[in-house]
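Right, one structure below, let's go through it.
Convention: sequence-line order gives letters A, B, ...; per-chain numbering from 1.
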Number of protein chains: 2
Amino acid sequence: MTPMTPADRRAPRQAEAERNDRALLQAAKEVLAVDGAHASVAAIAKRAKVGIGTLYRRYRTKDDLFLHLLSVTLDQYLEAAEAGLALDDPWEGLAHYVRAVIGFGPGSLAPIAGTLTLTAEINEKSEHGDRAVAALIERAHDAGVLRADATAMDVELLIEQLSKSPLLDQLAQQGRTELMPAAQNARDRLTAIALDGLRAGSSPPLPGEPPGYELFSARWERD
Amino acid sequence: MTPMTPADRRAPRQAEAERNDRALLQAAKEVLAVDGAHASVAAIAKRAKVGIGTLYRRYRTKDDLFLHLLSVTLDQYLEAAEAGLALDDPWEGLAHYVRAVIGFGPGSLAPIAGTLTLTAEINEKSEHGDRAVAALIERAHDAGVLRADATAMDVELLIEQLSKSPLLDQLAQQGRTELMPAAQNARDRLTAIALDGLRAGSSPPLPGEPPGYELFSARWERD
DNA sequence: ATCAATCGGAATGATTCGCTCCGTTTGAAA
DNA sequence: TTTCAAACGGAGCGAATCATTCCGATTGAT
């Protein structure tokens with residue numbers, strides 16, 4: 001067997017560390033959904049069933065953790081958009097993206113994004129995702145399956161609105177796990193209703209003017 | 001002029017006091033929407049542009065303020081439901097209720113209700129409102145204008161989902177008042193989309209089983 | 001000019017915060 | 001079996017924030 005200097009040692013507990021990392025990100029997502037910008041590191045560590053020290057060995061600061069969570073979440077969004085584009089049916093492609101993003105978990109991260117100084121990497125991922133979603137929506141419009149008066153902003157705002165579930169968040173915090181499948185199902189029904197409302201059909205036109213992009217960008221600016 | 005003992009004196013600054021009371025309730029609603037259960041009295045007083053002392057002269061404790069807010073909000077809900085029932089058209093009646101409740105402001109109070117010990121008066125108001133909504137929905141079902149597979153729970157959950165607007169809350173907190181009309185309009189469009197999805201039509205059936213009432217009642221129980 | 005009513009916010013003690021530090025546990029290599 | 005780098009949990013620290021109290025300033029009808 002090859003001799004091994006102490007510095008060369010392979011990490012012996014690497015598997016546990018990886019599991020903890022995933023648990024931390026999941027816990028951060030859940031606590032953020034319930035507590036908003038006031039979410040505390042102690043609450044996150046507790047929900048992840050991990051010591052505070054473990055959290056701080058992996059992330060230099062609280063903001064570091066949030067930025068990392070934001071980054072991996074944007075990756076998931078992009079992945080869902082590309083999976084949608086890979087589907088042949090334009091409507092099913094859009095619906096897949098909507099369902100996937102809503103299902104990712106407890107909601108939009110925009111409220112905390114406003115409290116962070118975003119990195120260039122994150123801004124780039126965000127724009128990349130926006131382009132993919134725009135393509136998804138343009139394709140649905142061209143196929144005539146998405147109601148003509150609904151813009152990309154409308155769809156994105158609708159997703160944000162549905163992606164945070166007060167009901168699921170509260171049940172999660174109370175530990176009422178036995179009710180959560182029913183709550184998930186209830187949320188799926190609401191998603192289906194909303195998607196139904198987005199389909200092209202004999203509907204009265206949407207009120208007012210389409211929302212402008214400034215509504216979206218304003219949210220990611222530092223206060 | 002009638003003589004007047006000191007104890008009989010009419011309140012000289014009553015108008016200002018009333019204005020402050022309204023401002024406090026409005027501010028409490030807004031801060032609760034953004035900060036959730038962690039909302040602080042200092043933040044509420046500041047948003048209402050009122051001293052902390054003023055808040056505590058009117059409400060004995062923080063919980064007292066929240067209970068009062070809950071009470072007047074339930075009154076508004078009931079009023080909206082009865083206004084909907086007063087309309088002849090069953091669909092317009094339901095739509096009016098949905099639009100009104102969503103428009104009342106920054107969202108459901110369920111998350112804080114779980115942290116309070118509710119009074120009998122509040123429980124009664126809640127049940128009273130539920131009965132009115134059930135009547136509204138039954139009438140729409142009977143008229144065949146509400147999709148048959150959507151239950152009262154579906155509608156109530158949809159309302160809750162739409163009644164909290166992260167976008168409006170964030171803009172309000174940032175003081176970006178110039179963008180708020182556009183954000184309001186964007187929200188109205190989402191409401192229209194959702195109502196469209198609720199209308200009876202040639203839609204695929206909703207997935208899974210209808211949500212049970214236990215999902216609703218679980219939220220109002222003390223932890 | 002008076003004074004009860006109402007106001008704003010400093011002060012307080014308790015709590016919670018982000019974060020550091022350190023003693024303990026783990027398990028592959030020797 | 002012994003060793004020890006790596007990963008762990010959580011007590012503890014100073015700063016910040018919490019709900020609430022208390023009191024001096026302001027107001028405006030008399």
Side-chain angles (χ1 to χ4, degrees), chain A residues 1-25 27-28 31-32 34-69 112 115-117 173, chain B residues 1-25 27-28 31-32 34-69 112 115-117 173:
Chain A
M1 186 161 289
T2 33
M4 201 173 264
T5 71
D8 253 351
R9 252 178 193 276
R10 290 286 122 247
R13 297 171 69 188
Q14 183 177 331
E16 183 182 4
E18 260 180 48
R19 253 182 299 124
N20 281 339
D21 195 26
R22 269 195 298 276
L24 273 173
L25 287 173
V31 173
L32 270 173
V34 177
D35 293 344
H38 297 57
S40 71
V41 286
I44 293 170
K46 186 176 181 183
R47 174 165 287 268
K49 293 179 182 172
V50 144
I52 295 179
T54 300
L55 190 158
Y56 273 95
R57 199 164 324 94
R58 225 160 301 285
Y59 300 100
R60 279 181 25 264
T61 65
K62 185 187 178 184
D63 283 1
D64 237 46
L65 167 61
F66 287 169
L67 283 173
H68 190 221
L69 174 61
I112 60 145
T115 71
L116 300 173
T117 303
Q173 196 175 40
Chain B
M1 189 164 287
T2 34
M4 201 176 266
T5 72
D8 252 353
R9 251 176 192 276
R10 291 285 122 248
R13 296 171 69 190
Q14 182 178 331
E16 184 182 6
E18 261 179 49
R19 253 182 300 123
N20 282 337
D21 196 26
R22 268 196 297 277
L24 273 173
L25 287 173
V31 173
L32 269 173
V34 177
D35 292 345
H38 297 60
S40 72
V41 285
I44 293 170
K46 186 176 180 183
R47 174 164 288 267
K49 292 178 183 172
V50 145
I52 295 179
T54 301
L55 189 158
Y56 272 94
R57 201 168 324 94
R58 226 161 300 286
Y59 301 101
R60 282 183 19 266
T61 64
K62 184 187 179 185
D63 282 1
D64 238 46
L65 168 61
F66 287 170
L67 282 173
H68 189 222
L69 174 61
I112 60 144
T115 72
L116 301 173
T117 304
Q173 197 175 37

Near DNA chain C, counting only heavy atoms under 4.0 Å, which residues of residues 54-61 of chain B show up?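 Here the set is B:Thr54, B:Arg57, B:Arg58.
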Can you see which heavy atom on [X] is nearest to which on [Y], and at what distance?
X	Y	answer
A:Leu65	A:Ala28	CD2-CB, 4.3 Å
B:Lys62	B:Ala39	NZ-O, 2.9 Å
B:Ala23	B:Ala48	O-CB, 3.6 Å
B:Leu69	B:Leu25	CD1-O, 3.8 Å
A:Ala37	A:Thr115	CB-CG2, 4.4 Å

Atom CG of A:Leu24 and atom C1' of D:dG9: how far apart are they, to the nearest Å? 13 Å
Integer-rounded Å distance: D:dA6 C1' and A:Glu18 CD: 14 Å
With a 4.5 Å cut-off on side-chain heavy atoms, are A:Asn20 and A:Leu55 touching?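 No - every pair of side-chain heavy atoms lies 4.5 Å or more apart.
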Between D:dC8 and A:Asn20, is there an OP1 or OP2 to side-chain N/O distance shorter than 4.0 Å?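 Yes, within the criterion.
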Near DNA chain D, counting only heavy atoms under 4.0 Å, which residues of residues 62-69 of chain A show up?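 Correct list: empty, so none.
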For DNA chain D, determine which residues of residues 41-53 of chain A have any heavy atom closer than 4.0 angstrom to one of its atoms, and list them numerically.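 Of all residues in residues 41-53 of chain A, the ones placing a heavy atom under 4.0 Å from DNA chain D are A:Lys49, A:Val50, A:Gly51, A:Ile52, A:Gly53.
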Residue pairs involving residues 41-57 of chain A (criterion side-chain hydrogen bond (donor to acceptor under 3.5 Å, both in side chains); sequence neighbours excluded): A:Glu30-A:Arg47
Nearest 0.5 Å please: distance from the CG atom of A:Leu67 over to the OG1 atom of A:Thr117.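 Going from CG on A:Leu67 over to OG1 on A:Thr117, the span is 8.0 Å.
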Working to the nearest 0.5 angstrom, can you tell me the gap between B:Ile44 CD1 and B:Ile52 CD1?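 Spacing of CD1 (B:Ile44) from CD1 (B:Ile52) equals 10.5 Å.
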Under the side chain to side chain donor-acceptor pair (under 3.5 Å) rule, collect the residues that match up with B:Asp21, sequence neighbours excluded.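 Expected list: B:Tyr59.
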Every protein N/O within reach of nucleotides 13-17 of chain D N/O, cut-off under 3.5 Å:
none

